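Some notes on the structure that comes next.
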Amino acid sequence: MMKKTLLTLILVLSFNGLFASTPPDEGIWIPILIEKYNIKLMQEKGFRLTAEDIYSVNRASMKDAIVNFNGGCTAEFISGSGLLITNHHCGYGQIQNHSTLENDYLTNGFWAMSREEELPNPGVTVTLLKYMEDVTEKVLKDISDDMPAEERDKLISSRIADIQAKAEQGTDYRAVVRPFFMGNQYFLFVNETFRDVRLVGAPPSAIGKFGGDTDNWVWPRHTGDFSLFRVYAGKDNKPADYSPDNVPYNPAYYFPVSLKGVQEGDFTMVFGYPGTTSEYVPSYHIDMVKNHINPAMVSIRTSKLEIIDRAMESDPLIRIQYSSKKAGISNAWKKWTGEILGLEKMNTIGKKQEFEARLTDWIEADNQRKLRYGDILPKYSEVYEGLKEYTLVNNYTGEVFNGIEAIVLARRTYELASLFQGGKTPDQKTVERTREVLSAYAERFFRNYDRATDQELFSTLLSLYGETLDRKWLAPEYLKLKATANGDFKSLAPKFYDSSVFTDKQRFDSFINGFGKSSLKKLEKDPFYMLAIDVSRFLGANVLPELTRLTNERQTLNKRYMTVQMEYDSTRIFYPDANSTLRVAFGNVMGYESRDAVWFKPVSTLKGIMEKDNPEIYDYNVPARLKELYANRDYGRYGSSDGEMPVCFIASNHTTGGNSGSPVINADGFLIGINFDRAWEGVASDMAFNPEQSRNISIDIRFALFIIDKFAGAGYLLDEMTIVE
Ligand code: ARG
Ligand code: ASP
């Protein structure tokens, strides 16, 4: 025991010494530029393969094994039969959707014991990158910053449309051109999208979401955050709509899975789809986010969560109904809180201001530069004055009215209603189609709807709206309602909720089934409908035009600000902000100092799950079977050499939202983990990466295999994987 502690200490010390001189691991890099910019450093850090192994157009490479999972996450192939692994929280919506009180897959987990048992998920897609290309020249040729903005944008848009059309010609692929470095560079992405994606396996929430929202964004972590899906294709291995006749997709490449595990200091690489970062913004932006937007959003979500948490605790059905919605609300709520703390602690605003002062001196020192760039920062200051207010009004209003579910459904009905507006007699087919889409939406809506909970949300959120925003930003219909209610929305609510068509499935169904001209009158008397329409109209007239103007102006400034930063720091290799395109991050397995005198080790184990066990709390209620395996130390070949069962590990890879589900790859290109989160102290990394404390959290792949095989008895799934012992 003693000896081990000492050894760890020595490792930590020498380790810190070793990496003090190498550059920090900040950066989310472009796959086709790895050869040029990164491979040398990656190899110095321990990587044993080449840039071609990561991305190649000439042969199978890692990129052929990685998909964008349903727009918001990453997933990767781990077999030649289309088996995909991603996070539990990425498949959460699907797992929840298949769950009922009788078959509660959220609580109990789900394992298809044969291909026939795999569950289809209509609407879910995965997208594979076929190739990418730098098209900056083609997009920006002969375009200068002096051109009138409108003319520039038009020219750029039409060139992009041409490039995309050409790339798609004669293929089933979708092409998209995306701006990088705020529009200083453009890349083309050619993608293939698969539409038959089936659920194969998910652990119970007490494993896949262990620690719930309490442990979310926090290290040390013990969450087995993984789930399995399978991609199906037509007999030609091409994307196809769901059909029982489809066959498992055969990817050009899939990841071998390593049982070797990780040691502190090991090289790791994360290859996936990071969503958004804002690393090059001026201090004004940080001020807006940290001091204005985040606090307001955190506060309103705190109120929402109080209501939803109480309801979920009170009733197992409500727990299922609201679990997915709640996870979403809570996730950003907590991240925003962490960002405020992190930005404060790092003094990001102060540091940016110092940088801006230095930059300004440098700009002023040269007349040409002054002419070209001298106006950027003063203009930013002005633009952000406006943005602060308009963004807050827009986001807060959205947060209020998207939080009242009856209003969300009412807004959905607008399309059907609009077919009949102005005395029109619509085409019967259009009516049918619109009604079908709406019915399908309402079906799922009511399955996950609890009227009493929504009623509480209604009165609380409407009160907050009036208390938080200046009166001039409140929609007229709201003010009318408030006057009628004498400010007491709580007393008003039952009347609305007991009679509206948007709060009851039967009322809703019969209303839209018989929908016709006369239905409009009923809608005009419905408070939810009237609020929905009026708020949209009000925002459209009074907020969005100015917000759009300011946003466009900021975009123009962003491009120039990026240029001047690159010119000022001309020897630095910049990485572009995340923009939901495929990227590479690399680093090493590494602990960190959480606070004074507290050093966090980089690996967590099953022991920690047992320490957190608490049958009283849903999120910490360790399944009996897992306790049994622990008691018997029955880890099979998945345990580590010291007899422990590893669960999660952290490393210094730069990641963000969207990277969830990304493969974590070792020096030999084998899969060692699935990325799923970041550690609390470094969570502001979307705006300021902190090499001391920014860590990505991954589930150790051995824990996932242990759960599949030993816990769930679905070991047959391992037969199709390539396992490297
Ligand atoms: N924080 C992680 C991410 O941003 C995981 C969230 C899912 N887990 C949860 N408890 N809500 O997506
Ligand atoms: N949990 C995030 C995701 O879902 C990852 C992160 O923000 O670190 O993509």
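Numbering of residues begins at 1 and proceeds along the displayed sequence. Everything numeric in this text was worked out from a predicted model, so none of it was measured. Indexing begins at 1, ligand by ligand and atom by atom, following the structure's order.
Proximity of the aromatic rings of Tyr280 and Phe574 is defined here by a centroid distance below 6.0 angstrom, and this criterion is met. You'll find the ring centres of His654 and Tyr575 inside the 6.0 Å limit. Aromatic ring centres of Phe210 and Tyr620: separated by under 6.0 Å. With ring centers used as reference points, Phe703 lies 6.0 Å or more from Phe226. Residues Phe187 and Phe180 place their aromatic rings such that the two centres sit under 6.0 Å apart.
Using a 4.5 Å heavy-atom threshold, the side chains of Trp219 and Ser604 count as touching.
Judged by the shortest distance from any of its heavy atoms, Ser330 lies outside the 4.0 Å radius around the atoms of ligand 1.
Close approach of ligand 1 to Gly212 is summarised as follows: ligand atoms under 4.0 Å from at least one heavy atom of the residue are 10 (N). Remark: ligand 1 atoms within the under-4.0 Å shell around heavy atoms of Ala327 are 11 (N). Numbered from 1 in the order shown, with element, the atoms of ligand 1 that lie under 4.0 Å from a heavy atom of Phe676 read 2 (C), 5 (C).
Every residue two or more places apart in sequence or in another chain was checked for a ring-ring contact (aromatic ring centres under 6.0 Å, His included) with Tyr254, and none qualifies.
For the residue pair Asp104 and Asn108, no side-chain donor N or O sits within less than 3.5 Å of a side-chain acceptor on the partner.
Taking atom 2 (C) of ligand 1 as the reference point, the nearest protein heavy-atom neighbour is Asp677 OD1, 3.2 Å. What sits closest to atom 9 (C) of ligand 1 on the protein, heavy atoms only, is Asp213 OD1, 3.3 Å. Looking from atom 3 (C) of ligand 1 to the surrounding protein, the closest heavy atom is Asn331 ND2, 3.4 Å.
By the 6.0 Å contact criterion, CZ on Arg174 is open, its count of non-hydrogen atoms from other residues, nucleotides or ligands being 12 or less.
For ligand 1, the polar-atom distance check against Asp225 finds no nitrogen or oxygen pair separated by under 3.5 Å.
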Exercise for review: Begin from the C-alpha positions of Gln693 and Lys345 and carry the test side chain to side chain donor-acceptor pair (under 3.5 Å) through to its verdict.
Suggested key: CA-CA 12 Å; Gln693 292 188 313; Lys345 198 178 56 193; 3.1 Å; yes

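For ligand 2, residues of the protein lying within 4.0 angstrom by heavy-atom distance are His89, Trp217, Thr656, Gly657, Gly658, Asn659, Ser660, Phe676, Asp677, Arg678.
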